[in-house]
Amino acid sequence: MLSAALGGRSGGGGLWRSLRRTGGACSPRCPGAPSAASPAPPAAGARSVASSSSLLFPQDNNPGPRPSASNVKPLDGVKILDLTRVLAGPFATMNLGDLGAEVIKVERPGAGDDTRAWGPPFVGTESVYFLSVNRNKKSIAINMKNSRGAKIIRELAAVSDVFVENYIPGKLAEIGLGYEDIKKIAPHIVYCSITGYGQTGPMVQRGGYDSIAAAVSGLMHITGHEEGEPVRVGVAMTDLATGLYTCGAIMAGLLQRYKTGKGLHIDCNLMSSQVACLTHVAANYLNCKIEGKRWGTAHGSIVPYQAFKTKDGYIVVGAGNDQQFVTVCKILNLPEVSKDSRYKTNTLRVQNRKELIDILSTRFSEKTTIKWLQLFEGSGVPYGPINNMQQVFSDPQVLHNGLVMEMNHPTAGRIVVPGPGVRYSEFAVSHPKPPPLVGQHTVEILKVMLGYEDDAIEELLHTGVVAQHEVR
C-alpha cells in the first residue's frame with residue numbers, strides 16, 4: 001500500500017504535475033520528491049491503488065470533466081488525517097472541511113472523541129458539544145495502541161496531505177506516529193501539532209486546557225469587572241483562537257509545500273495563540289510597563305466604549321472618535337457635555353472617565369433599550385443591545401448571514417449548529433455533512449483510501465484493531 005501511495009503521489013501528485021506543466025524549476029527528482037526506485041512493500045490485505053490525494057490542484061488528477069466554477073471549493077481534493085480531540089483541533093479541521101477538504105477523523109473505538117460524553121445537553125444520545133464542531137468529517141475508529149492500528153494510521157498518512165494531532169509532545173513518537181516517523185514515509189506531509197505550550201521548553205509536558213492556558217497567558221487577568229475577580233470568557237476563546245491559527249497555518253503549509261515540494265512540521269499551541277492575541281494590552285506593558293487590568297465591558301483607551309444600563313436592559317455604545325462623541329451627546333440630549341473642555345478629546349475623556357460615565361449612565365437609565373436603539377439607528381455611532389441566545393438567533397442579520405446551519409444526523413435527526421463566519425463570492429459553504437458516529441466510515445476508508453480487501457477488513461474488525469458503527 002505504501003509503495004502504491006508514495007509511487008502514485010510522486011511528491012504530492014498534482015504538485016509535481018503542475019510544476020512540470022507550468023515550467024517550474026522543480027523537477028520530479030528535486031529535494032523532497034520521494035523516489036519510486038525503492039518502493040516499500042504493500043500493506044497486508046491491501047490492493048495496489050494510486051493516491052487520489054493532491055495538493056492545490058486536485059483537478060489535475062481527475063481525468064473527467066472539470067467541475068464548474070460554481071461548485072469548486074479551494075480545498076477540494078485535499079485529504080486531512082485528523083487525530084485531534086475536544087475543541088481547538090476539531091474546530092480547525094471543521095473549518096477546513098467547510099472549504100472542501102476531506103477530513104478523516106481518527107477516534108478510539110467505542111468512546112471516540114472526549115466531547116462525545118460532554119453533556120447534557122444531548123440530542124438523542126449525541127452530545128451537542130460534539131455536534132457543534134465536527135461537521136463535514138468522516139470517522140474511522142482505530143486502536144492506536146495496537147501496532148496494527150498504528151500501521152493503518154501510517155498508511156493513511158501516506159495518502160493524505162495534512163496530518164493534525166493534539167497529543168502531548170513525544171506521545172505519538174512512542175508508537176511510531178511522530179513527525180519524524182511520518183516524514184520518512186510521507187515527505188510531502190504538512191504535519192500540524194496542537195499542544196498547550198509548544199514542542200519544547202519548560203512546560204512542554206503539561207496538558208493543554210483552555211481555562212488554564214487563558215489564566216497562564218493573561219486573558220483571565222484582564223477579564224471581569226473592574227473591581228471583581230478574574231473571569232473565564234463565556235466560550236473557550238483560547239481554544240477557538242488556536243483553532244483559527246491552526247486553520248491558517250495549515251493552509252500556509254500547503255502553499256509552502258507548493259513552492260518547495262517539501263512538507264513541514266507546524267507547532268500551534270494555546271499559550272502562543274493567546275499571548276499573540278493580547279495585542280495592545282501586551283504592547284502597553286512591553287513598551288510603557290503599564291500593567292493590564294480588568295475593565296468590565298469598558299475599554300482602557302477609549303471613552304465611552306462600554307455597556308450602559310437602560311430602563312429595562314443594556315445597550316453597548318462606542319465613540320471611536322471625537323465626532324462620534326459629539327453625536328452620542330446629541331442623541332442623549334446632552335449638548336453641554338460635548339462642549340465641556342474636560343471631554344473635548346478622547347485622551348481627556350479617558351483621564352476624566354468616572355465623571356463622564358456617571359453623566360452618561362444617568363441619562364441611559366431614563367429610557368428603554370428599544371427606545372435607545374431607535375434613537376441611535378442611522379447615527380453612524382457603533383451601538384447594539386446585549387442579546388441572549390434567543391435574540392441572537394432571531395436577529396435578521398444573523399439569519400441573513402447564513403449563521404444557522406441545519407443537517408440531518410443519522411441518529412439524532414435534525415440538528416442545528418452555528419454556520420461558518422465567512423462567505424465567499426465564488427462558492428457557497430452549503431450542504432454540510434452531519435458530524436459522524438464513532439467509526440461510521442471505517443470500512444469505507446479502509447476500502448476506498450487504502451484498498452483493503454473484505455477479508456482483511458473482517459479480520460481487523462474481529463480482532464478489535466478497528467471498529468465500524470452500524471447505522472440502524
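If you're wondering where the values come from, they're calculated on a predicted model, not measured in any experiment. Basis for what follows: all heavy atoms, side chains included, without hydrogens, waters or symmetry-related copies.
- With hydrogens and angles left out, the side-chain atoms of Thr297 and Gln306 include no donor and acceptor closer than 3.5 Å.
- Residue pairs satisfying the ring pair (Phe, Tyr, Trp, His ring centres under 6.0 Å) criterion with at least one member in residues 155-178, sequence neighbours excluded, are listed as follows: Phe163-Tyr191.
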inquiry  = side chain to side chain contact (heavy atoms under 4.5 Å, CB included), that's the test. Do Leu403 and Val392 meet it? Break it down for me.
reply    = CA-CA 10 Å; Leu403 292 170; Val392 168; over 6 Å; no
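- Annotation: ring pair (Phe, Tyr, Trp, His ring centres under 6.0 Å) contacts of Tyr314 (sequence neighbours excluded): none.
- When the ring pair (Phe, Tyr, Trp, His ring centres under 6.0 Å) test is applied to Tyr424, the partners found at least two apart in sequence or on another chain are Phe427.
- Taking His280 as the reference, His299 meet the ring pair (Phe, Tyr, Trp, His ring centres under 6.0 Å) condition, with sequence neighbours excluded.
- Atom CD of Glu226 has more than 12 heavy atoms from other residues, nucleotides or ligands within 6.0 Å.
- Residue Arg232 places its CZ atom among more than 12 non-hydrogen atoms of other residues, nucleotides or ligands, all under 6.0 Å distant.
- By the ring pair (Phe, Tyr, Trp, His ring centres under 6.0 Å) test, Phe130 pairs with no residue at all, sequence neighbours left out.
- Residue pairs meeting the side-chain hydrogen bond (donor to acceptor under 3.5 Å, both in side chains) criterion with at least one member in residues 169-178, sequence neighbours excluded, do not occur.
- Note: Tyr179 and His265 have parallel aromatic rings, judged against thresholds of 30 and 60 degrees for the angle between ring planes.
- Under the 3.5 Å distance criterion, with hydrogens and angles disregarded, no donor-acceptor pair is assigned to the side chains of Gln391 and Asp395.
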